[in-house]
Structure formats: C-alpha cells, structure tokens
Protein chains: 2
Amino acid sequence: MNTFARSSYISIKDIAKAAGVSHATVSRALQSSSLVKPETAQRIREIAQRFGYRPNFVGRSLATQRTQTIGVVVNAIADPIVAEMVSGVEAVARAHDYSVYLANCHADPETEMRVVQSFHERRVDGILVAASRVGALYEPIAAQMRTPIILINNQHPSSYKYSVNINSIPGSREAVGHLVALGHRDIAYIGDRFGYQTDLDRFSGYRQALELAGIAAREEWIVHGDGKLEGGTLAMRKLLDLPALPSAVFCYNDMTAIGALRVIHEHSLRVPQDISLAGFDDLFLASYTEPPLTTVRQPKHEMGRMATEILLRILAGEDSDARTEVKGELIVRASTAPPRA
Amino acid sequence: MNTFARSSYISIKDIAKAAGVSHATVSRALQSSSLVKPETAQRIREIAQRFGYRPNFVGRSLATQRTQTIGVVVNAIADPIVAEMVSGVEAVARAHDYSVYLANCHADPETEMRVVQSFHERRVDGILVAASRVGALYEPIAAQMRTPIILINNQHPSSYKYSVNINSIPGSREAVGHLVALGHRDIAYIGDRFGYQTDLDRFSGYRQALELAGIAAREEWIVHGDGKLEGGTLAMRKLLDLPALPSAVFCYNDMTAIGALRVIHEHSLRVPQDISLAGFDDLFLASYTEPPLTTVRQPKHEMGRMATEILLRILAGEDSDARTEVKGELIVRASTAPPRA
DNA sequence: CTCGATCTTGCAAACGTGTTCATAAAAAAT
DNA sequence: ATTTTTTATGAACACGTTTGCAAGATCGAG
C-alpha cells in the first residue's frame, strides 16, 4: 500500500462544522451567492482557505447534472493536423472552464462509437469528433443521449446538423488552377484511398480546374497513396514509371507531397524545374521542405476553436443549425513554376 | 432552448422498478456480483439492455471515490514529441478503461500548477506531467492532494520520486562520439536556451565526448537556438559567419537540426560533404529530410506508455519508487560522413 | 410595540451509484 | 422435524454538492 490510498478529503461539511454553520450555507458562500450575509461569507471563505478546501467536481456534477467536460475523439493523436485541431479545442475549452477528454479511435467506426458511448457514460456535456466515419448516423444517437455532438471534417457522405468542415473543392480547384495558369497542361493527382469524402472533394476540385481550362483528365495520371508520406512515395514512383510524365502533380495533402518530393529527388529530377508540386493542408513543415511547398492552407487550429464555440453555444441553449464551412487559402511557394518549354 | 436540455436519464432505479427488485440488486447484477442469483441477474441485465441503460460514471465515481481518469498536462499539444507521448499514454489508459484529460500549460509553471489543481478538483486518479517546470516541488502537493503525480522528462533540476526521463547524456555522447570516430575534430553544438535540464544534459554528453577524444571545446562553436526550427536557422547562421567553420554540428534536437540544414543549403554547402549534421529525438521527419538525418532516437510513445503503467501500478497499491530512465539510441543516417581532407 | 417586509440561515431532498448490515428464504445437516 | 448453514434480497446510509422551501432573525414603518 502506498500513500495515495483514498481516504476522506476535507469536504464542505468539515468547514461547515468549523464555521458553525450548515453545509448549505458554505456551499452558497463559496459560490458568492447573494443569499448569504457578506460577513459570514467572508468568514467561511477564510476558513475554507485555511483548511485548503477544494471543491469536489464529482459531487457538484452529480448535483448540477453538468460535468464541464467535453470529449474529443480523433483518428490519431500524433497526426499533426489533428494535434493542431485539438490544440484549438483545448484553448477555448479551458478559457470557458471546460476540461477535455481525448481519445483515439484509429479511424475505426466501431471504436469511434464505443468511445462516444464511453464519453456519454461519463456524462460529458458535449462531444467533438474529428474526421468521423459515422457522420449523420449520430443524429438519433445524440438525441437519445441528450448530448450534442459536433463533427469536424465529417468523413461520412452525409450532411450533419452540427459540423465544421473544410470545403476542399474551391481550394484544390484554385491550386490546380494556379498550375494551369503557370502553363501546365499535364497535371497528375495523387489521392488518398483512405480519404473518403475529403479525397472525393479534392479530386473534384482538380477535375473542375481541368475542365475549366478545357483539359481532358488522363486516367493514368490519377493515382492514390494513403495520405501519409509512404503512400506519396509509392504513388509518385508509379507516376515516374509511366511513359509520359506529367509536368505537375497535385497531391491530396502535404504528407503525400513530401513523399512525392522525395521520390522526385531520388530520380534526379528537380522541383519545380522538371516537375511542379502542390499539396494541401499547409503543415508546419510545408514551408521548410526543399523547395518550400505550394499548398492550400487548412485552418486547423481555427477549426478546432470554431467547433468548440459552436458546442458551447449549444450548451448555452441556442439552437441554430451550424453547418459551418471554411475554405482553404492557396499559399504559393517555390515548388511550383512554369513548365519547361 | 434546444433539444439537449438536461432532463432525467434512466437510472438504476428505473430498471429496479421495472424488474421488481431493489436498486441494490440491480447494482449488484450489473457488476456481476456473486451475491445475486444468476437468473435474476440475467433478467435484470436483459431489462437494462432493453431500456438502453448506461451506467452513470459520475454517480459511480462519487460512490467509489475513483474516477477512472488520469490527467495529462503538456507544454504544447501540437509539438510532435508531445503528441507521440500522449498517444502512448492514451493507448494504455484506454486499455485499462481509464479516460484521459488533456491540458496545455504553454511551458508556464504557474499555469502548470493551476491545471494540476483543476485536475485535482475533478478528482482524477492520477496526473502525468510532461516536461514539468515544477519537478520535485510536487512532492508535498501530491501528498496533500493524495493524488500520484508522474513526471515525464522533468525539466526542473530536481529528482522526483516518480518519473520517466530520458538520460540524454549517453545518447549525445554517443552521437558526438560517432562524429569523432568519423574523423571530425571541429564539432559545434547548437543548444536550446529554453531547454533547461535537457539542454544541460545534451551539452554534457557533447563535452564528455570531446574530452574523451582529447579535443578542447571552442567557445564560439557553442551557440543556442530555441529548440524550434527558426532557432536552428538563426544559430546556424551565426556559426556560418564565423571565420573558422566547424566540420560537424551536433544539434539539441531534430527541429534545430532541420533549421540548420536549411541554412547550410542556403549557403550552397552540402551535407554531409561539407558539414556533417546530427540531431536528437528522431522525429518522424528526420528520416525524410534531404539527406536523412543522423539522430538519437527518443522513445516517445514508449515513455508515455511507461509513465502510465507506473501510474496504474501505484493506483493498484504498489509503492516502489520509480525513477525510470530510458536511453536514446543512435540512428546513423546520411547526414554524417568523414570530413573533407 | 406590532406587523409586515426583507435578509439570512438551516433542513431536507435530490443527483446515481456502491456497500454494509440485517433478515428472509432456501438448502443442508442433524 | 428441527436446527444450522448458505444464499438472496432489501433497507439504509454513504459519497459531496446544489437548491427549493420554510423558519427564524432583523429591520423599518406605523
């Protein structure tokens, strides 16, 4: 046995006894209710201070039916995009005296729902799910649990009542449009076969930009990675093995682009002289690759903040639908240039 | 008002009424206590199932004085090392049915302690602090709170009872030794002026390796960044402005090294032909820089896991001191080579 | 001095669960 | 058939807080 065995903490009753009042009065005094005489309140607060009293949130939660806690479920904590989002969530949560539970679901829908259930059992006030694979299927569940669920970048092909999504279409259209404007006509796309809705959208933007320029898409220039660096390398290898090389490559995300960049260098080709390269997300890293990467900035931190603010608003009793959409901003760096003549 | 207004959930009492037993029996049935007749238990479980009953952890926590929750406080959620550690923590926590609170303290000791307090008020069963600026000062606090605190990479110059630290000295000594073995004698160090204990240790290892080789350290080749990429660039510029250039640079961490790498390239120098470069941490990125970075691997995920396991052991009643130390492993990649003749 | 109005306070119930203790019922032993 | 033992159950309290209600205290006006 060690020294951390639970034994009685000092509670509101202890200081009630010490102050010679009822514990109800102590409770009121500590929340500076106007129902208690100022001097008594002061005296009680001093005693509480002296005793080192700290309120017990568990008891309070049981009484108030509120835990001041929100649960966040993500696919992979260590993913830089996710980490940024969570950082945004945590910032506004703490600013409003909420704590945040963090849990991983490894992109598995069943685990995702199990985690949501576990959050519910802990009676979180609200739940945030990033890159949900469950999407609008939550609507009945949230209603039954009486717990609001907000989705960030819903990956299920459904429109959910409360969500913050990045609309990838204009961003990728703009990125590919930028390549077209530079004079490229042979533009490849490296997608993410696990990217679900997001991959579809980015591919959509790619196609729209080509159509707008009257360029026919070429089947063999559409390949897929896994959204991670490795996948980018494999996909880029496939492209470089082709008889006809594209002069530019638009990638599902920065990680994919970084993988592609590496393979391009391995083949002694130069970016952007031989091949232009663009990504999506604007990871911290993107500005530090060789050359710095042209990409579409996804406001990760911001999106975490927005989702949390929506949640807090719902918890405050407002009931506006909140299908918020953000757009990416094209950031032109050194990895894109006109094609060789 | 929206649909998420709190109103009564179904509780153990509801299904007690439905089953025609007391709520005590239901409680027992649901934790499969041997005190209740198997058939009754079965019947109760079925009714609970049908009612969609989910236990309320708040009530349970109040009764058991346990929340099955651990709090994690970190300096910056989005820091890749931190994210990896948290990922390790979450994995073992969830495997043992613990939930984890995550909070940021932005490397500010006061915020750090405030967060610890807030975790205590929520009656977490234990607390993990990564890169604490408070260190052993927690000993009395943890005792008073009756809540175990485990430190990961304690940054306070004090030895704390429960901690998992990386001992940077052998790792950096090995890294610099590797440079020496390659034939380098002019080796610079780029430190982290906010690195506290860790910076001291890595510098120590550097000096020991030099001493071992009978090389005198040169004041002007010891510069400091901020542990981040930007700091690395500034520090490297300072080195490159010197009349006498080092032939190798050992960096406080990979981020610093990546910054340095960038500046070296800007000056049209090559790594490793002109300058060898080594880092510390083995970030995911380190193997994807140009050239891949020689570095010392810090087992981030592992350290998160270990700390959590220690915590769980303490919570199970064991009371062994646990000053665990891990070592880094030198990973030789392409950024180090013999100096030019 | 009395009466109503206004403060201040305590009592008790509530929140949802776990747990101890006593007792009833059933089973086993005599 | 009676006593002892075992098993199953419920009543009651505990956990720490909030809160509606009522009672008591205080005060000012008449």
Side-chain angles (χ1 to χ4, degrees), chain A residues 5-45 47-48 51-69 120-125 145-146, chain B residues 5-45 48 51-69 97 120-125 145-146:
Chain A
R6 283 286 184 279
S7 71
S8 58
Y9 290 94
I10 42 169
S11 84
I12 215 172
K13 285 183 192 161
D14 299 316
I15 67 171
K17 199 177 299 176
V21 296
S22 80
H23 72 275
T25 307
V26 175
S27 169
R28 285 189 273 248
L30 294 179
Q31 23 184 339
S32 357
S33 155
S34 62
L35 288 177
V36 56
K37 184 153 67 174
E39 299 101 73
T40 338
Q42 183 54 31
R43 192 165 53 87
I44 290 175
R45 269 190 297 260
I47 294 176
F51 276 49
Y53 168 78
R54 301 266 87 198
N56 180 330
F57 263 67
V58 180
R60 174 175 300 174
S61 294
L62 191 60
T64 61
Q65 301 288 85
R66 281 278 199 132
T67 54
Q68 291 285 111
T69 297
H120 172 53
E121 293 177 7
R122 299 180 117 90
R123 293 297 186 270
V124 296
D125 294 339
M145 298 192 316
R146 296 198 153 84
Chain B
R6 282 285 185 278
S7 72
S8 59
Y9 290 95
I10 42 169
S11 85
I12 215 172
K13 284 182 195 163
D14 299 315
I15 67 169
K17 200 177 298 175
V21 296
S22 78
H23 75 274
T25 308
V26 176
S27 169
R28 283 187 279 247
L30 293 179
Q31 29 186 332
S32 355
S33 156
S34 63
L35 288 178
V36 56
K37 185 154 65 173
E39 301 100 73
T40 333
Q42 184 53 31
R43 192 166 53 87
I44 290 174
R45 271 190 297 259
F51 275 50
Y53 169 78
R54 302 265 85 198
N56 181 329
F57 263 67
V58 179
R60 174 175 300 173
S61 294
L62 191 60
T64 60
Q65 301 289 85
R66 281 276 199 135
T67 53
Q68 291 285 110
T69 297
D97 286 317
H120 172 53
E121 294 178 5
R122 297 180 118 91
R123 294 298 186 267
V124 297
D125 293 339
M145 298 193 316
R146 295 197 152 83

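First the proteins, then the strands, lettered A, B, ... as listed; each starts at 1.
- Taking the side chain as every heavy atom from C-beta outward, B:Val36 and B:Val21 never approach each other to under 4.5 Å.
- We find that CD of B:Gln65 is positioned 13 Å from C1' of D:dT17, with the value rounded to whole Å.
- Looking at residues two or more places apart in sequence or on another chain, you find a side-chain hydrogen bond (donor to acceptor under 3.5 Å, both in side chains) between A:Thr69 and B:Tyr101, B:Arg122.
- For the helix from C:dC1-D:dG30 to C:dT30-D:dA1, the end axes, each set by the C1' atoms of five terminal pairs, are bent relative to each other by 50° (nearest 10°).
- Partners of A:Ser11 according to the side-chain hydrogen bond (donor to acceptor under 3.5 Å, both in side chains) rule, which considers only residues two or more places apart in sequence or in another chain, do not exist here.
- The distance between atom CD of A:Glu121 and atom P of C:dT17, rounded to the nearest whole Å, is 10 Å.
- Applying the salt bridge (charged side-chain N to carboxylate O under 4.0 Å, His left out) test to every pair with at least one member in residues 27-36 of chain A, sequence neighbours left out, gives no pairs at all.
- In this structure, B:Leu35 atom CG and C:dG18 atom P are separated by 13 Å, rounded to whole Å.
- Checked against side chain to side chain contact (heavy atoms under 4.5 Å, CB included), B:Gln31 has the following partners two or more places apart in sequence or in another chain: B:Ser27.
- Regarding contacts with the backbone of D:dT17, every side-chain N or O of A:Tyr9 stays at 4.0 angstrom or more from both OP1 and OP2.
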Please set out all donor-acceptor pairs under 3.5 angstrom arising from side-chain atoms of residues 51-59 of chain A, sequence neighbours excluded.
{"from": "A:Arg54", "atom 1": "NH1", "to": "B:Glu121", "atom 2": "OE2", "distance (Å)": "2.7"}
{"from": "A:Asn56", "atom 1": "OD1", "to": "A:Val58", "atom 2": "N", "distance (Å)": "2.7"}
{"from": "A:Asn56", "atom 1": "OD1", "to": "A:Gly59", "atom 2": "N", "distance (Å)": "3.2"}

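- Residues passing the ring pair (Phe, Tyr, Trp, His ring centres under 6.0 Å) test with A:His23: none are found, sequence neighbours excluded.
- Among the nucleotides C:dC15, D:dC15, D:dT9, the one closest to the side chain of B:Lys37 is D:dT9.
- In this view, B:Lys17 satisfies the side chain to side chain contact (heavy atoms under 4.5 Å, CB included) rule with no residue, not counting sequence neighbours.
- Taking only side-chain nitrogens and oxygens, A:Ser27 comes nearer than 4.0 Å to OP1 or OP2 of D:dT18.
- Residue A:Arg60 places at least one side-chain N or O closer than 4.0 Å to OP1 or OP2 of D:dT18.
- Nearest nucleotide to the side chain of A:Thr40, out of C:dT8, D:dT17, D:dT9: C:dT8.
- The closest side-chain heavy-atom distance from A:Gln42 to A:Glu39 is not below 4.5 Å.
- The stretch residues 13-25 of chain B touches DNA chain C through B:Lys13, B:His23, B:Ala24, each having a heavy atom under 4.0 angstrom from the strand.
- Put simply, the side chain of B:Arg28 and the base of D:dG10 share a donor and an acceptor less than 3.5 Å apart.
- Here C:dT8 is the nucleotide among D:dA8, C:dT17, C:dT8 with the atom lying nearest to any side-chain atom of A:Pro38.
- At the heavy-atom level, B:Ser34 lies under 4.0 Å from the strands shown only through sugar-phosphate atoms.
- Residue contacts shown for B:Val36 are limited to sugar-phosphate atoms, with no base heavy atom under 4.0 Å away.
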